[in-house]
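Note that these values count all heavy atoms, side chains included, but never hydrogens, waters or copies made by symmetry. In what follows, every chain begins at residue 1, and chains take the letters A, B, ... in the order their sequences are listed.
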Number of protein chains: 2
Amino acid sequence: MKTLKIPEATIIRLSMYSRYLSQVEERGVQMISSGEIAEGVGVSPAHVRKDLAYFGEFGTRGVGYNVDELQHHILNILRLNREWRVVIVGAGHLGSALAMYRGFQERGFHLVGIFDSDPAKIGQTYDDITVQPIDELDRTVKEKQVGIGIITVPATVAQEVADILVSAGVDALLNFAPCVLNLPPRIELRNVDLSVNLEVLTFNLGSRGKL
Amino acid sequence: MKTLKIPEATIIRLSMYSRYLSQVEERGVQMISSGEIAEGVGVSPAHVRKDLAYFGEFGTRGVGYNVDELQHHILNILRLNREWRVVIVGAGHLGSALAMYRGFQERGFHLVGIFDSDPAKIGQTYDDITVQPIDELDRTVKEKQVGIGIITVPATVAQEVADILVSAGVDALLNFAPCVLNLPPRIELRNVDLSVNLEVLTFNLGSRGKL
DNA sequence: TAGATTGTTAATCGATTAACAATC
DNA sequence: TAGATTGTTAATCGATTAACAATC
């Protein structure tokens, strides 16, 4: 078993291929080539083949890839062949939007709780989930064996929330608060900044002379 | 004037430095070293200096960087030294959450309109913004000289919306719909997928053996 | 001057791309 | 067999890192 280091960009592209294959599947297409996938997601055919080659041989030379099979393989690679239980901490604008966001469910992420410390928010319902007090976070994570915590609280309390999630037993955190979290190395962490995307755009506009 | 190609990762880090400097400014700190910035945002000191070196010499050897000056320079580089007018198209869960999200305002992005085709959503208000019908999108973009459009409609209508925004004159698009948009090359585009962050986490958990 | 920290170079590392042999 | 497309290699390209001369 080779232990090649996989570039993160490869994982992100695999996620894109998988999403594109879902669309293709719906149209009833059976076989697809690396060139078609590449065009569908906006990368090069070599990229598609190289990315897949990290994980095995999924195609047939001269023929292409079976859409269903390839989709199955990619979902396996991404570990989306199971349900992941997640909680959201912070029922503000962003947290509640994520709670209602369908995109997570579609990919196998199941929201089992949303938490806030604000009494005004506790008890509010989003779809079939009710906002619970932070006090109940630890117990819920343990009882429902939550693997992933999504942090949408202000930066000032993000570390505190992260500590609760970690001690309760989550394996991974998705942090939307603009701060650096201090975590034990066993925890997988990703920081997301929504505004940075706009800033890359403005920089690019600027360097093209479009003030 | 050298026309070095700037890595996108550099821009993203500059955005992080800038956010960190905001915090530092509030604490009243005057001078800061590349090492301190690096620790604050979780990168290497060499990275900080290299990233800044693309754009000029902002520090003093043996001393460090003046916090306010450096912040000013970075905001200039990112073109955040002005107000950017944006519209959101799609007043669903994600669109309305982004409409209320404070993080954009803080960085100089000013929301001047939110649009939807659903009569049930038209007229709803978020903070001081009212959801308008799509029919009014073209006129609003032109009148208010909107530079950036944020697309939060379903993938099926994203291209249609993008076309309206482009013909009305926006320079850049931030697309949250999971699809490939076909745009004239003058348009700056960034695609954002919220779910992909979770998928990178699950992949990483998997490759560490934590199923 | 001695100590500190920048700006910059050169070496390393990793990712992308092009090309082609393998093979359906 | 001829045509097509994969899997893989090798070449290119770009980004990160370490190290140090410049200089406050």
Open item on the list: Rounding to an integer number of Å, can you tell me how far B:M31 CE sits from C:dG3 P?
Closed with: 21 Å
- [ ] Indicate, yes or no, whether a donor-acceptor pair under 3.5 Å links the base of C:dG7 to the side chain of B:R49.
- [x] yes
Open item on the list: Tell me the interatomic distance from B:I6, atom CD1, to D:dT16, atom P, rounded to whole angstroms.
Closed with: 12 Å
Open item on the list: Return whichever of A:V63 or A:D51 has its heavy-atom-nearest nucleotide of DNA chain C closer to the 5' end.
Closed with: A:D51
- [ ] For the pair A:R190 (side chain) and B:L201 (backbone), establish whether a donor and an acceptor sit closer than 3.5 Å, ignoring hydrogens and angles.
- [x] no
Open item on the list: Quick check against the 3.5 Å criterion: does A:Q159 have a side-chain atom that pairs as donor or acceptor with the backbone of A:N182?
Closed with: yes
Open item on the list: Which nucleotide wins on minimum distance to the side chain of B:K50, given the candidates D:dG7, C:dT6, C:dT9?
Closed with: C:dT9
TODO: Examine D:dG7: is either OP1 or OP2 under 4.0 Å from a nitrogen or oxygen in the side chain of A:Y65? Give yes or no.
DONE: yes
TODO: Can you tell me the pairing partner of D:dC13 across any strand shown, Watson-Crick or G-U wobble, with both distances under 3.5 angstrom?
DONE: C:dG14
Open item on the list: I need the NE2-C1' distance between B:H47 and C:dC13, as an integer number of Å.
Closed with: 12 Å
Task: Matching residue for A:V200 among B:I12, B:L78, B:L14 - test: side chain to side chain contact (heavy atoms under 4.5 Å, CB included) - done: B:I12
Task: B:I37 CD1 - C:dT5 P separation (whole Å) - done: 12 Å
Open item on the list: So A:T10, base contact, sugar-phosphate only, or nothing? Heavy-atom distance under 4.0 Å.
Closed with: nothing
Open item on the list: Measure CG/B:L52 against P/C:dG7 and give the value in whole Å, please.
Closed with: 7 Å
TODO: Among C:dA21, C:dT5, D:dA15, find the nucleotide with the atom closest to the side chain of B:R61.
DONE: C:dT5
Open item on the list: For the backbone of A:G90 and the side chain of A:T152, can you confirm whether one donor and one acceptor N or O come within less than 3.5 Å of each other?
Closed with: yes
Open item on the list: Going by purine N1 to pyrimidine N3 plus the second Watson-Crick contact, or the G-U wobble pair, all under 3.5 Å, which nucleotide sits opposite D:dT5?
Closed with: C:dA22
Open item on the list: Side chain of B:A53, heavy atoms from C-beta onward: which of C:dT8, D:dA18, C:dA15 has the nearest atom to it?
Closed with: C:dT8
Task: Residues, nucleotides or ligands: over 12 heavy atoms within 6.0 Å of B:Q30 CD - done: no
- [ ] Write down the distance between CZ (A:F58) and C1' (D:dT6), rounded to a whole number of angstrom.
- [x] 13 Å
Task: Residue mapping more 5' on DNA chain C - nearest nucleotide basis, B:S34 or A:S44 - done: B:S34
TODO: Output yes when at least one side-chain N/O atom of A:T60 is less than 4.0 Å from OP1 or OP2 of C:dC24, else no.
DONE: no
TODO: Take atom NZ of A:K5 and atom P of D:dT16, then tell me their distance rounded to the nearest Å.
DONE: 12 Å
Task: Protein-nucleotide distance (B:E57, atom CD; C:dT5, atom P), rounded to Å - done: 18 Å
